[in-house]
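Below is one structure, written out as structure tokens; the observations come after it.
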Amino acid sequence: MNRSEDYIQDFPVQGFQQDLINWYIENQRDLPWRLNQDPYRVWVSEIMLQQTRVDTVIPYFNRFLSLFPTLKDLAEAEEEKVLKAWEGLGYYSRVRNLQTAVKEVAEQYGGIVPDTAEEISKLKGVGPYTAGAILSIAYGVPEPAVDGNVMRVLSRVLLIYDDIGKAKTRILFEDAVRTLISKEDPSSFNQAMMELGALICTPKSPACLICPVQDHCRAFDQGRQKELPVKEKKTKVKHVDMAAVILRNHEGKFLIHKRPKEGLLANLWEFPNIPVKKRGVSEKEDLKVFLQAEWGISAAVGDHVSNIEHVFSHLKWDIQLFEGHCSNKTIEACDLKWVTLEEMETYPFPVSHQKIKKMAKEVTA
DNA sequence: AAAGCGGGGCC
DNA sequence: GGCCCAGCTTT
């Protein structure tokens, strides 16, 4: 059984819609992106909310919108300023893609976010979920917006055991939503599904006893809500040993480096660092050789400062941190800078290197 | 279809 | 430690 029609057969679509939307009207949270339906605001919120909790997003959203109030403001902003506004939020390609897409809208669509699935889906960083979310919330178009919440809710309500990690399963849920969605109020329907997933139909212990659609839930009827959704476990993270150095010159300035424009933490700044084969063998020497070979810097790498661990979704860094000094001062490369602690605050750093920045302050103090 | 891509909160 | 979060892009 893998067609949505098979699951919707005999399902009380009308009653489900009503109970869901009525609950949402009464119980929706007061969130900053619900202030109005400005497509740009909705868009920014949806990008920020990808794989990121509401509570985390709220302060970022407010700050971002005060820095870049309109689509035009974001289109014309310096990328470094935009990355700085995103600093700490993670998945930085989201905001680089967002700015690329916003420029596209400014140039190709006269600054008006397109309102068709075909056009909006062409924009960088706008996938099936985000397209449906913007279209339904900003424009009232009845398109599905299937995220993790919606898959969890529907897997339980319709008793679907397909692995929600598979692309094929998302399409199954999208087909189901095309049938289930309210044509009168698609915005409330989609947001209600997500709100229900966030507040009631939660991953661990769903609050079925106070659920507005309990009467329509097949998993609850059979006491199987805790078996769902089905999701295959993913492989564990890879461990990588690193060595990094807080390098100061004779003026007391620190050396920082801009990462490449693609890949992990693209275009963010960092302290000089290298992967090392084995811990405790020759990190200091390796760093010294690297600084000389890569940038022509003759440095003395001194005391070990600390050991920093940082976990990503797919890997873990174990960073041996050292301090060092050198007498270089003129560096022309645009991806390399000597800066004071104060100047450093204007550059976007990933959290792993914010930890190093903090150590730099302590070492200096 | 699978892997790469961040960071934080909760258990 | 593992899991999950208003996912998308690249391979």
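The figures that follow rest on heavy atoms only: side chains count, while hydrogens, waters and symmetry mates do not. The chains referred to below are lettered A, B, ... by the order of the sequence lines, with proteins before strands, and numbering in each begins at 1. A quick note: this is a predicted structure, and the numbers were derived from the prediction, not measured.
- With hydrogens and angles ignored, no donor-acceptor pair under 3.5 angstrom links the side chain of A:T130 to the base of C:dG7.
- In the set B:dG6, C:dA6, C:dC3, C:dA6 carries the atom at the smallest distance from any side-chain atom of A:M194.
- Residue A:K233 contributes atom NZ, which lies 8 Å from atom P of C:dC4 at whole-angstrom precision.
- Of the charged side-chain nitrogens involved, at least one lies within less than 4.0 Å of a carboxylate oxygen, so that A:K357 and A:E345 count as a salt-bridged pair.
- Between A:Q50 atom CD and C:dG7 atom P there is a gap of 7 Å when expressed in whole angstrom units.
- As rounded to whole Å, 8 Å separates atom C1' of C:dC3 from atom NZ of A:K231.
- Contact annotation for A:S93: no contact, since no heavy-atom pair falls under 4.0 Å across all strands.
- Rounded to whole Å, the P atom of B:dG4 lies 24 Å from the corresponding atom of C:dA6.
- Residue A:K166 has a polar side-chain atom (N or O) positioned under 4.0 Å from OP1 or OP2 of B:dA2.
- Centroid-to-centroid, the aromatic rings of A:F271 and A:F254 stay 6.0 Å apart or farther.
- Counting distance only, with no hydrogens placed and no angle test, the side-chain atoms of A:R53 and the base atoms of C:dC4 include a donor-acceptor pair under 3.5 Å.
- The CH2 atom of A:W33 sits 9 Å away from the C1' atom of C:dA6 (whole-angstrom rounding).
- Neither side chain, A:S188 nor A:Q191, offers a donor N or O lying under 3.5 Å from an acceptor on the other.
- Taking every side-chain heavy atom of A:Y91 into account, C:dG7 is the closest of C:dT9, C:dC5, C:dG7.
- B:dG8 atom P lies 8 Å from atom CD of A:Q354, rounded to whole Å.
- The A:V351 side chain lies nearest to B:dG8 when the options are C:dC4, B:dG6, B:dG8.
- The pair A:E80-A:K84 does not meet the salt-bridge criterion, since no charged nitrogen lies less than 4.0 angstrom from a carboxylate oxygen.
- Atom-to-atom, CZ of A:R94 to C1' of B:dG7 comes out at 9 Å; the value is rounded to the nearest Å.
- Across C:dC5, B:dG7, C:dA6, the shortest atom-to-atom separation from the side chain of A:L265 is found for B:dG7.
- Annotation: C:dC3 and B:dA3 have their P atoms spaced 15 Å apart (nearest Å).
- Each of B:dG6, C:dT9, C:dC4 was ranked by its minimum atom distance to the side chain of A:K124; first place goes to C:dT9.
- The side chain of A:R34 has C:dA6 as its nearest neighbour among C:dC5, C:dA6, B:dG6.
- Note on A:R152: only backbone sugar-phosphate atoms sit closer than 4.0 angstrom, heavy atoms only; bases stay farther off.
- Side-chain N/O atoms of A:T52 and base N/O atoms of B:dG6 include a donor-acceptor pair closer than 3.5 Å.
- In this structure, A:R96 and A:K261 approach most closely via the heavy-atom pair NH1-O, 3.1 Å.
- Along DNA chain B, the nucleotide nearest to A:H314 and the one nearest to A:K204 differ in position, and the one closer to the 5' end is contacted by A:H314.
- Whole-Å rounding puts the A:H310 NE2 to B:dC5 P distance at 13 Å.
- Between A:E46 and A:V126, the one whose closest nucleotide on DNA chain C sits nearer the 5' end is A:E46.
- In this structure, CG of A:D147 is placed 14 Å from P of C:dC4, rounded to the nearest angstrom.
- A donor-acceptor pair shorter than 3.5 Å cannot be found between the side chains of A:D38 and A:N36.
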